[in-house]
J.: 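One structure is given below, represented as structure tokens, and several questions about it will come after.
Just so it is clear, the values below take in all heavy atoms, side chains as well, and ignore hydrogens, waters and symmetry mates.
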Amino acid sequence: MKYNLQRKDYLSWDATFMIMSIVVAKRSKDPSTQVGACIVGSDNRILSLGYNGTPNGFLDSEFPWSRDGEKLETKYLYVIHAERNAILNYRGNKKDLEGAKLYASLFPCNECAKEIIQTGIKEVIYDLDKYAHMEEYIAAKIMFDKCNVKYREITDEVRKEIKQFKL
């Protein structure tokens, strides 16, 4: 017996997990860039989420969120990137991350790429690559290529699904 009553306009896995990344990015207190990440196992179960923010115990209100000025007075030496936070937030067996996928609202930097590679994550799916011209992001792609980590930008079809989803 065949049933054809299910909805036809359900979200794809890529749209579902990218929406999760976008939603968790809204937790970021960063006034200029909010980034989210979602790690997904090979069975399409969410393993962990992360967003760019301060280390545990560092009060957001006492954090230098500036992009400009003296190095110690800017966010760059202190902020934990979304991808790293997602990896650090995972409370299960690190072996479970082997072969996983990481969805990120922004393409990862070289430092996050190293951690992605070391944990055994095998695919990165991202929304924006707005820093593609910078050495840190070029290096991330070189490392991914050499270490057989696939990476791909979400498609226009997925962007359309996300846009139609009411956040």
J.: Using a 4.5 Å cut-off on heavy atoms from C-beta on, say whether the side chain of Thr33 contacts that of Tyr131.
T.: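 Counting from C-beta outward, Tyr131 and Thr33 do come under 4.5 Å.
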
J.: Listing request: all salt bridge (Lys or Arg N to Asp or Glu O under 4.0 Å) pairs with a residue in residues 74-89, at least two apart in sequence or in separate chains.
T.: Asp30-Lys75, Arg84-Glu115

J.: Applying salt bridge (charged side-chain N to carboxylate O under 4.0 Å, His left out), can you list everything that pairs with Lys114, at least two apart in sequence or on another chain?
T.: Glu111

J.: Are Leu128 and Tyr51 linked, directly or through intermediate hydrophobic residues, by side-chain heavy-atom contacts shorter than 4.5 Å (ILVMFWY only)?
T.: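 No, no single cluster joins them.
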
J.: Where do Ala104 and Ser21 come nearest, in terms of heavy atoms and distance?
T.: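 Ala104 and Ser21 have their closest heavy atoms at N-OG, 4.1 Å.
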
J.: Take a 6.0 Å sphere around CG of Asn56 and say whether it holds more than 12 heavy atoms from other residues, nucleotides or ligands.
T.: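 No.
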
J.: Is there a side-chain contact between Met143 and Val149 in this structure, where contact means two heavy atoms from C-beta onward sitting under 4.5 Å apart?
T.: no

J.: How far apart are the C-alpha atoms of Val24 and Cys38, what are their side-chain angles, what is the distance that settles it, and do they pass the side-chain contact (heavy atoms from CB on, under 4.5 Å) test?
T.: CA-CA 8 Å; Val24 77; Cys38 178; over 6 Å; no

J.: Can you measure from CD1 (Ile125) to CH2 (Trp13) and round to the nearest 0.5 angstrom?
T.: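 Rounded to the nearest 0.5 Å, the CD1-CH2 separation comes to 13.0 Å.
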
J.: Is Ile46 linked to Ile87 within one hydrophobic cluster, defined over Ile, Leu, Val, Met, Phe, Trp and Tyr using a side-chain heavy-atom separation of less than 4.5 Å?
T.: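 Ile46 does not cluster with Ile87.
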
J.: A side-chain contact here means heavy atoms from C-beta on lying under 4.5 Å apart; do Arg67 and Tyr76 qualify?
T.: yes

J.: Tell me the closest heavy-atom pair linking Ala132 and Tyr137, and the distance in Å.
T.: CA-CB, 4.4 Å

J.: Under the side-chain contact (heavy atoms from CB on, under 4.5 Å) test, which residues partner Ala100, sequence neighbours left out?
T.: Ile39, Leu47, Ile121

J.: Please identify each residue that fulfils side-chain hydrogen bond (donor to acceptor under 3.5 Å, both in side chains) with Ser28, with sequence neighbours left out.
T.: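 Result, side-chain hydrogen bond (donor to acceptor under 3.5 Å, both in side chains) vs Ser28: Asn52.
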
J.: With sequence neighbours left out, write down each residue that passes side-chain hydrogen bond (donor to acceptor under 3.5 Å, both in side chains) with Thr16, or none if nothing qualifies.
T.: none

J.: For the residue pair Leu72 and Tyr78, what are the closest heavy atoms and their distance?
T.: O-OH, 3.0 Å

J.: Let me check something: do Ile80 and Phe58 share a hydrophobic cluster, defined by ILVMFWY side-chain heavy atoms less than 4.5 Å apart, either directly or through other members?
T.: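 No, it is not one cluster - the side chains of Ile80 and Phe58 are not joined through contacts under 4.5 Å.
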
J.: Restricting to salt bridge (charged side-chain N to carboxylate O under 4.0 Å, His left out), what partner residues turn up for Asp68, sequence neighbours left out?
T.: none

J.: side-chain hydrogen bond (donor to acceptor under 3.5 Å, both in side chains) with Thr74: which residues, sequence neighbours excluded?
T.: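 Thr74 satisfies side-chain hydrogen bond (donor to acceptor under 3.5 Å, both in side chains) with no residue once adjacent residues are dropped.
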
J.: So, taking the atom named CG in Asn110 and the one named CD in Glu135, what distance separates them when rounded to the nearest 0.5 Å?
T.: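 Result: 10.0 Å between the selected atoms.
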
J.: Would you mind reporting whether Leu59 and Thr54 have side-chain heavy atoms less than 4.5 Å apart?
T.: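 They are not in contact (no side-chain heavy atoms under 4.5 Å apart), so the answer is no.
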
J.: Does any N or O in the side chain of Trp65 come within less than 3.5 Å of the main-chain N or O of Ser32, such that one atom is a donor and the other an acceptor?
T.: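 A pair under 3.5 Å: no.
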
J.: Report yes if some heavy atom in the side chain of Met20 is under 4.5 Å from a heavy atom in the side chain of Leu49; otherwise report no.
T.: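 Yes, close enough: below the 4.5 Å cut-off.
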
J.: Distance from Glu161 atom CD to Asp156 atom CG, nearest 0.5 Å?
T.: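 The CG atom of Asp156 is 12.0 Å from CD of Glu161, to the nearest 0.5 Å.
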
J.: Kindly state each residue pair satisfying side-chain hydrogen bond (donor to acceptor under 3.5 Å, both in side chains) with at least one member in residues 140-154, sequence neighbours excluded.
T.: Asp14-Arg152, Glu123-Arg152, Asp129-Lys141, Asp145-Tyr151, Glu153-Arg159

J.: Looking at Gln118, I want to see if its CD is surrounded by more than 12 non-hydrogen atoms of other residues, nucleotides or ligands under 6.0 Å.
T.: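 Result for CD/Gln118: open.
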
J.: So, taking the atom named CG in Leu11 and the one named CD1 in Ile19, what distance separates them when rounded to the nearest 0.5 Å?
T.: 4.5 Å

J.: So, do Leu106 and Tyr126 sit near enough that their side-chain heavy atoms are less than 4.5 Å apart?
T.: no

J.: Could you tell me whether a side-chain N or O of Lys26 sits under 3.5 Å from a main-chain N or O of Gly36, the two making a donor and an acceptor?
T.: no

J.: Using the ring-ring contact (aromatic ring centres under 6.0 Å, His included) rule, collect all pairs that involve residues 87-106, keeping only residues at least two apart or in two chains.
T.: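 Every pair satisfying ring-ring contact (aromatic ring centres under 6.0 Å, His included) with a residue in residues 87-106: Phe17-Tyr103.
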
J.: Any donor-acceptor pair under 3.5 Å linking the side chain of Arg45 with the backbone of Ser42?
T.: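 Between the backbone of Ser42 and the side chain of Arg45 there is no qualifying donor-acceptor contact (under 3.5 Å).
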
J.: Membership question, hydrophobic clusters at under 4.5 Å side-chain separation (ILVMFWY): are Phe63 and Leu88 in the same one?
T.: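 No, because Leu88 and Phe63 fall into different hydrophobic clusters, even though each may have its own neighbours under 4.5 Å.
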
J.: Using the rule that Ile, Leu, Val, Met, Phe, Trp and Tyr join whenever any side-chain heavy atoms are under 4.5 Å apart, tell me whether Val40 and Ile162 fall into a single cluster.
T.: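 Yes, Val40 connects to Ile162 through the hydrophobic network.
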
J.: Enter the distance from Lys122:NZ to Glu98:CD here, rounded to the nearest 0.5 Å.
T.: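 Reported value, rounded in 0.5 Å steps: 8.5 Å.
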
J.: Linking Ile, Leu, Val, Met, Phe, Trp and Tyr through side-chain heavy atoms less than 4.5 Å apart, which residues share a cluster with Tyr10?
T.: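 Its cluster partners, ordered by chain and number, are none at all.
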
J.: Can a donor-acceptor pair be found between the side chains of Ser105 and Asp127 at a distance below 3.5 Å?
T.: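 No donor-acceptor contact under 3.5 Å links the two side chains.
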
J.: Under the side-chain hydrogen bond (donor to acceptor under 3.5 Å, both in side chains) test, which residues partner Glu157, sequence neighbours left out?
T.: none

J.: Each residue besides Ile142 in its hydrophobic cluster should be listed here, by chain and number; the cluster joins Ile, Leu, Val, Met, Phe, Trp and Tyr at side-chain heavy-atom distances under 4.5 Å.
T.: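 Ile142 shares its hydrophobic cluster with Ile138.
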
J.: Minimum heavy-atom separation for Ala140 to Pro108, with atom names?
T.: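 Closest heavy-atom pair between Ala140 and Pro108: CB-O, 3.6 Å.
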
J.: Any non-hydrogen side-chain atom of Ser12 less than 4.5 Å from a side-chain atom of Val158?
T.: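 Sidechains of Val158 and Ser12: in contact.
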
J.: What is the distance from atom OG1 of Thr119 to atom CG of Asp96, rounded to the nearest 0.5 Å?
T.: 11.5 Å

